[in-house]
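Remarks on the structure that follows.
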Amino acid sequence: MYFIYILQSSKDYRTYVGYSHDVQNRLAQHNAGQVPATKDRRPLKLIFTESFKTEQEAKKRELYWKSGAGRRKMKNLF
C-alpha cells in the first residue's frame with residue numbers, strides 16, 4: 001500500500017507533497033533533515049494522507065496535488 005502525504009512547515013507554513021509506503025518513517029526523515037527539499041523548513045507536521053493500492057495510483061495523485069488545481073483545493077482545505 002502506498003500513501004500520499006502532505007506536510008506543513010511550522011517555520012514558514014508552506015506545504016510539501018510526497019508519496020511513500022511508510023509515512024511515519026518518511027516524516028521522521030523529513031524532520032531529521034535527510035530530505036533536501038524540506039531541510040531548511042523543519043519542523044514539519046503531517047496534515048493529510050490518502051492511501052492507494054499501487055505506486056502508479058499514488059504517483060498520479062501526487063501530481064494532482066502538485067498541480068494548480070490541487071494547490072487551490074489544498075488552500076481551501078487547509
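Bear in mind the structure is a predicted one, so any value in this text is a computation, not a measurement.
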Residue set satisfying side chain to side chain contact (heavy atoms under 4.5 Å, CB included) with K66, at least two apart, ordered chain then number -> V17, E62, R71

Apply side-chain hydrogen bond (donor to acceptor under 3.5 Å, both in side chains) to Q24 and list each qualifying residue two or more places apart in sequence or on a separate chain.
-> none

Evaluate the side-chain contact (heavy atoms from CB on, under 4.5 Å) criterion for residues V35 and K39: first the C-alpha distance (whole Å), next the side-chain angles of each, then the deciding distance (0.1 Å), finally the verdict.
-> CA-CA 6 Å; V35 181; K39 185 176 182 177; over 6 Å; no

When clusters are formed by joining ILVMFWY residues with side-chain heavy atoms under 4.5 Å apart, either directly or through shared neighbours, do L77 and L46 land in the same one?
-> no

Specify the closest pair of heavy atoms between Y16 and A37, including all atoms of both residues, with the distance to one decimal.
-> CE1-CB, 3.9 Å

Results of side chain to side chain contact (heavy atoms under 4.5 Å, CB included) for D12 - residues two or more places apart only = S9, R14, R41

Set of side chain to side chain contact (heavy atoms under 4.5 Å, CB included) partners for A32, sequence neighbours left out | Q34

With sequence neighbours excluded, what pairs up with K59 under the side chain to side chain contact (heavy atoms under 4.5 Å, CB included) test?
-> Y19, E55

Counterpart residues, ring-ring contact (aromatic ring centres under 6.0 Å, His included), relative to F78 (two or more places apart) = F48

Salt bridge (charged side-chain N to carboxylate O under 4.0 Å, His left out) involving E50 - partner list, sequence neighbours excluded = R61

Is the backbone of P43 close enough, under 3.5 Å, to the side chain of N31 for a donor and an acceptor to pair up by distance?
-> no

What closest approach, in Å, do V23 and T49 show between heavy atoms, and which atom pair accounts for it?
-> CG1-CG2, 4.2 Å

Could you pull out all donor-acceptor pairs under 3.5 Å where a side-chain atom in residues 1-8 meets a protein atom, sequence neighbours excluded?
from : atom 1 : to  : atom 2 : distance (Å)
Y5   : OH     : R26 : NE     : 3.3
Y5   : OH     : H30 : NE2    : 2.9
Q8   : NE2    : Y13 : O      : 3.3

